[in-house]
Number of protein chains: 2
Amino acid sequence: MNRRSAEASKQKITESARQVFADQGYAQASMRTIAREAGISVGGLYLYFRNKEELYLTLMQEWMDNLNGTTREALRKIDDPRESLRAFITITIDFTRGHREMIILQGRELGFTFGIDLKKQFFRERRQIITGIIRRGIDAGIFRQCDADEAARIIFNVLRGFVISMVIDEEALFSAGGCVDLVLNGLLRRNEG
Amino acid sequence: MNRRSAEASKQKITESARQVFADQGYAQASMRTIAREAGISVGGLYLYFRNKEELYLTLMQEWMDNLNGTTREALRKIDDPRESLRAFITITIDFTRGHREMIILQGRELGFTFGIDLKKQFFRERRQIITGIIRRGIDAGIFRQCDADEAARIIFNVLRGFVISMVIDEEALFSAGGCVDLVLNGLLRRNEG
DNA sequence: GCTTCAGCTGAACGCCTGTTCATGTGAAAG
DNA sequence: CTTTCACATGAACAGGCGTTCAGCTGAAGC
């Protein structure tokens with residue numbers, strides 16, 4: 001019987017949990033399923049995580065850190081608010097496409113209140129980044145005068161909708177480019193020249 | 001012991017179920033909770049609905065019919081694509097604000113595949129309405145050339161995000177007016193004149 | 001009174017869940 | 001060989017769920 005290191009086991013558990021939570025949601029995902037996927041006993045899960053909730057919160061924190069880190073890194077090098085916005089939207093959508101598990105953050109786990117404050121803080125930070133970009137654009141005379149906070153919320157919700165669509169409604173998906181285009185240019189025709 | 005009519009009992013059950021499903025999601029909502037809210041025995045639920053799934057699907061169908069009916073009724077009287085889009089967005093957001101239970105349609109009930117085709121068909125119809133409005137705008141020279149289908153999807157996803165935000169993130173909500181403004185005008189400054 | 005009808009009840013059933021903990025096992029050290 | 005360490009097991013526990021169905025009850029009809 002070959003034993004893995006504790007670290008390797010913990011890793012395997014989080015990988016499996018990520019997948020199972022993403023596929024089935026918190027309520028439906030059972031510790032037995034996660035254990036089976038991880039190739040470890042159900043009692044073994046509790047050697048690494050206090051309970052199901054803690055396992056879930058650990059994954060949430062992980063994804064929030066990943067996405068925010070990637071976003072900040074990319075935005076650091078961009079000055080033009082148009083490009084900043086493009087980068088923000090593109091990174092978010094690409095990240096989401098490659099990580100279906102992102103649904104963990106947008107999941108509507110009603111009946112479960114834990115982690116909601118953590119999520120809200122994360123969402124707030126995301127919106128503030130967008131607000132900052134929009135304000136920069138307004139100050140630079142590139143974007144028109146508007147309620148930057150609200151515009152940020154609208155953009156934020158497009159991306160929230162994208163995450164949901166990824167999971168339940170793939171026909172509703174759209175491209176980052178198309179989204180940036182609509183957000184920047186709107187639908188109304190512009191005077192040429 | 002005063003007995004209600006069957007109709008009244010069924011009504012009470014659906015009202016209670018609507019609330020409980022909306023608050024707790026499908027998985028967490030228990031038939032015992034719904035029964036208690038309805039003031040009827042748990043076994044009594046099964047006199048009217050075959051099972052939990054059928055109860056849920058009944059409610060889904062109801063909301064889809066309501067929203068689509070209201071939308072079509074309003075759009076019938078509008079010619080200007082700008083006003084059509086405004087109406088669509090406004091109705092959806094207002095309806096959502098007044099019916100938190102709308103989350104039933106956007107809920108991510110992973111692990112439960114029933115009703116998904118019904119939902120997709122509903123979503124498809126919604127998007128087609130938007131696409132139609134956008135095409136009309138383009139044909140009339142009011143909207144710029146763009147991929148109408150994709151633009152519709154983007155707008156659809158803003159509204160999808162709104163529903164989710166209603167339930168898990170009220171800070172992220174936005175006004176119908178603000179949304180229409182952004183969708184029509186975009187962020188970029190326009191030449192004055 | 002008895003019978004029928006309409007609406008209802010809630011304990012029981014079978015199944016599943018999160019969690020615990022007595023116990024197990026291979027490897028290394030002495 | 002024995003002891004210790006590190007990692008692990010899975011049956012049992014307590015609780016909850018969706019569903020069933022034997023039985024109940026008030027009202028109306030005869």
Side-chain angles (χ1 to χ4, degrees), chain A residues 1-60 104 107-115, chain B residues 1-60 104 107-115:
Chain A
M1 183 187 299
N2 292 321
R3 290 296 172 85
R4 292 172 293 198
S5 67
E7 199 47 48
S9 288
K10 189 171 183 180
Q11 182 75 3
K12 192 69 179 144
I13 292 170
T14 53
E15 282 169 5
S16 300
R18 190 181 295 141
Q19 195 62 50
V20 176
F21 279 136
D23 286 344
Q24 304 181 21
Y26 181 81
Q28 288 299 105
S30 75
M31 295 299 264
R32 285 173 175 80
T33 301
I34 292 168
R36 189 161 50 242
E37 289 295 318
I40 189 171
S41 69
V42 65
L45 298 185
Y46 296 85
L47 296 176
Y48 303 96
F49 299 94
R50 192 156 45 95
N51 51 38
K52 188 180 181 183
E53 182 173 316
E54 185 183 279
L55 175 56
Y56 187 80
L57 289 178
T58 299
L59 294 179
M60 259 177 53
I104 284 183
R108 186 218 59 177
E109 247 83 21
L110 291 179
F112 302 104
T113 53
F114 62 85
Chain B
M1 180 187 307
N2 290 320
R3 291 295 171 89
R4 291 172 293 199
S5 67
E7 198 49 48
S9 287
K10 187 170 182 180
Q11 182 74 6
K12 192 68 180 147
I13 292 169
T14 53
E15 283 169 5
S16 300
R18 188 181 298 139
Q19 195 61 50
V20 176
F21 278 136
D23 286 345
Q24 304 180 17
Y26 182 80
Q28 289 299 106
S30 76
M31 295 300 263
R32 287 173 173 81
T33 300
I34 292 169
R36 189 160 51 241
E37 289 296 317
I40 189 172
S41 70
V42 64
L45 296 185
Y46 296 85
L47 297 176
Y48 302 97
F49 298 95
R50 192 156 44 98
N51 52 36
K52 189 179 181 184
E53 183 173 316
E54 186 183 278
L55 175 56
Y56 187 79
L57 288 177
T58 300
L59 295 178
M60 261 178 54
I104 284 183
R108 185 219 59 179
E109 247 83 24
L110 293 179
F112 302 106
T113 53
F114 62 86

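A note on names: the letters A, B, ... follow the listed sequences, proteins ahead of strands, and every chain is numbered from 1.
- Rounding to the nearest 0.5 Å gives a distance of 7.0 Å between CE of A/M31 and CG of A/N51.
- For A/S30, the side chain to side chain donor-acceptor pair (under 3.5 Å) partners are A/T33, not counting sequence neighbours.
- Whole-Å rounding puts the B/R50 CZ to D/dT19 C1' distance at 13 Å.
- Residue pairs meeting the salt bridge (Lys or Arg N to Asp or Glu O under 4.0 Å) criterion with at least one member in residues 26-49 of chain A: none, sequence neighbours excluded.
- For A/I40, counting side-chain heavy atoms from C-beta on, the closest listed nucleotide (C/dT20, D/dT9, C/dA11) is D/dT9.
- The salt bridge (Lys or Arg N to Asp or Glu O under 4.0 Å) contacts involving residues 48-57 of chain A comprise A/R50-A/E54, where partners must be two or more places apart or lie in separate chains.
- We find that CZ of A/F49 is positioned 13 Å from P of C/dT19, with the value rounded to whole Å.
- The interatomic distance linking B/L47 (CG) with C/dG10 (P) rounds to 13 Å, in whole Å.
- Distance check, rounded to the nearest 0.5 Å: CD1 of A/I34 to CZ of A/R18 gives 12.0 Å.
- Summary of helix geometry: the two end axes of the helix from C/dG1-D/dC30 to C/dG30-D/dC1, each defined by five base pairs via their C1' atoms, are inclined to each other by 30° (rounded to 10°).
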*Report the C-alpha separation of B/Q11 and B/E15 in whole Å, then their side-chain angles, then the decisive distance to 0.1 Å, and conclude whether the side-chain contact (heavy atoms from CB on, under 4.5 Å) test is met.*
CA-CA 6 Å; B/Q11 182 74 6; B/E15 283 169 5; 3.3 Å; yes
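- At whole-Å resolution of the value, CG in A/L45 and P in D/dT9 are 9 Å apart.
- Whole-Å rounding puts the A/Y56 OH to C/dG18 P distance at 14 Å.
- Put simply, B/S9 has no side-chain N or O that comes within less than 4.0 Å of OP1 or OP2 on C/dG7.
- Counting to the nearest Å, the P atom of C/dT17 and the CD atom of A/E53 are 19 Å from each other.
- Using bins of under 30°, 30° to 60° and over 60° for the plane-to-plane angle, the ring pair B/F21/B/Y26 lands in the parallel bin.
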Extract from the structure each pairing of a protein N or O with an N or O of nucleotides 15-18 of chain D at less than 3.5 Å, listing the distance.
unit_1, atom_1, unit_2, atom_2, d
D/dG18, OP1, B/A29, O, 3.3
D/dG18, OP1, B/K52, NZ, 2.7
D/dG18, OP2, B/M31, N, 2.9
D/dG18, N7, B/R32, NH1, 2.7
D/dG18, O6, B/R32, NH2, 2.9

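- One distance of note links OG1 of A/T14 with CZ of A/F49; it measures 5.5 Å at 0.5 Å rounding.
- For the pair A/L55 CG and C/dT17 P, the computed distance is 16 Å after rounding to whole Å.
- Qualifying side chain to side chain donor-acceptor pair (under 3.5 Å) partners for B/S16, counting only residues two or more places apart in sequence or in other chains: none.
- Rounding to whole angstrom units, CZ of residue A/R36 and C1' of D/dG10 are separated by 14 Å.
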